[in-house]
> 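Please read through the structure below; I'll follow up with questions.
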Protein chains: 2
Amino acid sequence: MKTAITVAIVEDKEPIRQSLAILVDGAEGFSCQATFENAESALDYLPSHCVDVVLMDIDLPGMNGIDCVRQLKALCPQTQFMMCTMYDEDETVFDALKAGANSYILKRSPPHKLLEAITELHEGGAPMSSTIARKIAGSFYISPAAPNELDILTPREREILDRLSKGHSHKEVANELFVSPTTVRKHIFNIYQKLQVHSKIEAVNKYLGRQ
Amino acid sequence: MKTAITVAIVEDKEPIRQSLAILVDGAEGFSCQATFENAESALDYLPSHCVDVVLMDIDLPGMNGIDCVRQLKALCPQTQFMMCTMYDEDETVFDALKAGANSYILKRSPPHKLLEAITELHEGGAPMSSTIARKIAGSFYISPAAPNELDILTPREREILDRLSKGHSHKEVANELFVSPTTVRKHIFNIYQKLQVHSKIEAVNKYLGRQ
DNA sequence: TCAACAATACCGCATTTGTATGATTTTAAC
DNA sequence: GTTAAAATCATACAAATGCGGTATTGTTGA
């Protein structure tokens, strides 16, 4: 028989913490090693007792679950973190992923799904509740309908803007493209007109899709 | 009984196309409406005969599956697209998501997983093969080790850099912070020294973690 | 064929920026 | 209570940049 997947639970609400612990410990192949009612105690204990999977609530008293993951991630690199929460706002989801969460499951998921997800996570997957997964996949989508401001730039202008975005000066770009610096300046001027900006930084921000 | 999920398949290799069609059509609750051996014929037929789910291979003769999804997405907004391919390179995956793919399944997945995935996709999820999901989730992760370069900046310097990153000039920043422009320039110069750069763009790139 | 556009190039001017040196005042740490 | 670091300001110069013209050439679509 395979070694059980070791699990820790961070959840402030007593009844939920208890039922999660019972669920995990009661299932074959899983072992709940520890439970915590706040982020601080988890940060205290887990680094010296790393587990395979941590189920992390987000809304905790004191430090929130996302910041807790960010810190634990550095201390327990081999541990997988599953956010287990009721929040499904965009910002929360993406902040959790940025902090290092590998999985994001909504609390309303049925128990057997949770166990499945822990297994999948431990086997190298990144199980997400379906609405979360859709949110994440959708965040990459670039709508062709959205008339990209950059479309009005000519290929040459885009090329120059790209090099500017890498921090190259007018003169450097001119050398790279084998044209005169004045030509580059003219192109840049035209770019400013088209993008309605007045400096390299503003142009680069638009180019790289910020602000 | 619920209406069957209507499916179309775009796959150039005859045997794979056939077995996918048989798999889908043979399962209860699924109905394979059409199969195509290239992107062009799919683009020809599907817009006027939209289906619930399209299984799309990537490596096709002529137009590839990603570009095909990009175009179909605009014409069949309610259709869900599942990339079904052997590629798992980063660039391919993210390009597919940018094009509008809602799901990305590797061909090596077992048949029952594929049917499950189609169902999940149709119900609003975004099923991904586990290695793919991990890749996607990981793409958000911001390593806490990276920003240590910025740690050497003082709060004031960070404040100024932040405003520079928004495209403000020296003078503007000076007005915003109620200090002399020369002070701002001094700070900026110190920032350059610390970050080992020589222009605003380079500094802002480091600040925003894009280089 | 002609107009529009893209890419190339030049000149010139005012402003911004990068670099250097030096100094004063707050603030924080020991 | 001294010291170190941070924040402030000044002056100065060279280089880079932003803005305004004008002009030539090649391509392209109406």
Side-chain angles (χ1 to χ4, degrees), chain A residues 144-211, chain B residues 63 67 71 74 144-211:
Chain A
N148 199 330
E149 277 185 296
L150 301 177
D151 289 347
I152 58 179
L153 298 183
T154 68
R156 193 57 156 178
E157 286 166 347
R158 266 192 289 273
E159 163 120 61
I160 286 173
L161 193 43
D162 185 70
R163 290 169 194 263
L164 282 190
S165 76
K166 296 186 167 67
H168 303 187
S169 70
H170 290 182
K171 201 182 289 181
E172 285 168 336
V173 174
N175 287 333
E176 290 160 17
L177 299 182
F178 306 106
V179 296
S180 138
T182 56
T183 303
V184 173
R185 291 174 69 191
K186 182 64 173 175
H187 280 306
I188 292 175
F189 182 69
N190 290 336
I191 291 170
Y192 289 173
Q193 304 257 293
K194 289 184 179 177
L195 298 185
Q196 288 286 292
V197 298
H198 310 278
S199 73
K200 289 208 277 194
I201 295 228
E202 286 178 299
V204 168
N205 279 345
K206 287 216 173 188
Y207 178 62
L208 297 177
R210 316 269 166 177
Q211 77 180 337
Chain B
M63 181 186 296
D67 290 331
Q71 296 198 30
N148 54 11
E149 259 188 316
L150 299 177
D151 290 347
I152 57 179
L153 299 183
T154 68
R156 192 57 157 178
E157 285 166 348
R158 265 192 291 275
E159 163 119 61
I160 287 173
L161 192 44
D162 184 69
R163 289 170 194 264
L164 283 189
S165 77
K166 297 187 167 70
H168 303 187
S169 71
H170 289 182
K171 200 182 288 181
E172 285 168 335
V173 174
N175 287 333
E176 290 160 18
L177 300 181
F178 306 107
V179 294
S180 138
T182 57
T183 304
V184 173
R185 294 175 69 194
K186 178 69 167 175
H187 280 307
I188 292 175
F189 184 67
N190 289 336
I191 292 169
Y192 289 175
Q193 302 258 291
K194 288 183 180 178
L195 297 185
Q196 290 286 294
V197 298
H198 309 278
S199 73
K200 290 208 279 193
I201 295 228
E202 287 178 299
V204 168
N205 278 346
K206 287 215 173 189
Y207 176 64
L208 296 177
R210 59 189 192 200
Q211 32 200 338

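Protein chains get the first letters and strands the later ones, always in sequence-line order, with residue 1 at the start of each.
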> Between D/dA16 atom C1' and A/K200 atom NZ, what is the distance in whole Å?
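It is 7 Å, rounded to the nearest whole Å.
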> Any chance you could lay out the salt bridge (charged side-chain N to carboxylate O under 4.0 Å, His left out) test for B/D162 and B/R158, step after step, and finish with the verdict?
CA-CA 6 Å; B/D162 184 69; B/R158 265 192 291 275; over 6 Å; no
> With a 4.0 Å limit, can you tell me whether B/R156 has a side-chain N or O closer than that to the phosphate oxygens OP1/OP2 of D/dA5?
no
> Given C/dT16, D/dA16, C/dT19, which nucleotide is nearest the side-chain atoms of B/K171?
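Nucleotide nearest to B/K171's side chain: C/dT16.
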> Start with the C-alpha distance between B/H187 and B/T154, add both sets of side-chain angles, then the distance that settles side-chain contact (heavy atoms from CB on, under 4.5 Å), and finish with yes or no.
CA-CA 10 Å; B/H187 280 307; B/T154 68; 5.5 Å; no
> Between atom CG in A/N190 and atom P in C/dT8, what is the gap in whole Å?
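Nearest whole value for this atom pair: 12 Å.
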> Sub-3.5 Å donor-acceptor pair from the side chain of B/K200 to the main-chain atoms of A/I201, do we have one?
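Flag not set: sc B/K200 to bb A/I201 has no pair under 3.5 Å.
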> For A/T182, answer base if it contacts any base atom (sugar-phosphate contacts may also be present), sugar-phosphate if it contacts only those atoms, and nothing otherwise; contact means non-hydrogen atoms under 4.0 Å.
base
> Start with the C-alpha distance between B/K206 and B/E202, add both sets of side-chain angles, then the distance that settles salt bridge (charged side-chain N to carboxylate O under 4.0 Å, His left out), and finish with yes or no.
CA-CA 6 Å; B/K206 287 215 173 189; B/E202 287 178 299; over 6 Å; no
> What is the distance, to the nearest angstrom, from the CG atom on B/L153 to the P atom on D/dA7?
10 Å
> Base, sugar-phosphate alone, or nothing: which one does A/S169 contact when heavy atoms must sit under 4.0 Å apart?
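Sugar-phosphate, no base atom in range.
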> Given atom CD1 of A/I201 and atom C1' of C/dT16, what is their separation to the nearest angstrom?
13 Å
> How is A/S180 classified with respect to the nucleic acid when contacts are heavy atoms under 4.0 Å: base, sugar-phosphate, or nothing?
sugar-phosphate
> Could you tell me the separation between the CZ atom of B/F189 and the C1' atom of D/dC13, rounded to a whole number of Å?
14 Å
> Whole-Å distance between C/dT17 P and A/H198 NE2?
14 Å
> Under 4.0 Å between any heavy atoms, over every strand shown, what does B/K186 touch: base, sugar-phosphate, or nothing? Just pick one.
base
> In whole angstrom, what separates B/I191's CD1 from C/dT19's P?
13 Å
> So, is B/H170 near the phosphate of C/dT16, with a side-chain N or O under 4.0 Å from OP1 or OP2?
no
> Please state how far atom CD in B/E172 lies from atom P in C/dT16, giving the value in whole angstrom units.
9 Å
> Counting only side-chain nitrogens and oxygens, does A/T183 get under 4.0 Å of the OP1 or OP2 atom of C/dA9?
yes
> For B/K186, which of B/T183, B/I188, B/V184, B/N190 qualifies under side chain to side chain contact (heavy atoms under 4.5 Å, CB included)?
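It is B/N190, the one option of B/T183, B/I188, B/V184, B/N190 that forms the side chain to side chain contact (heavy atoms under 4.5 Å, CB included) with B/K186.
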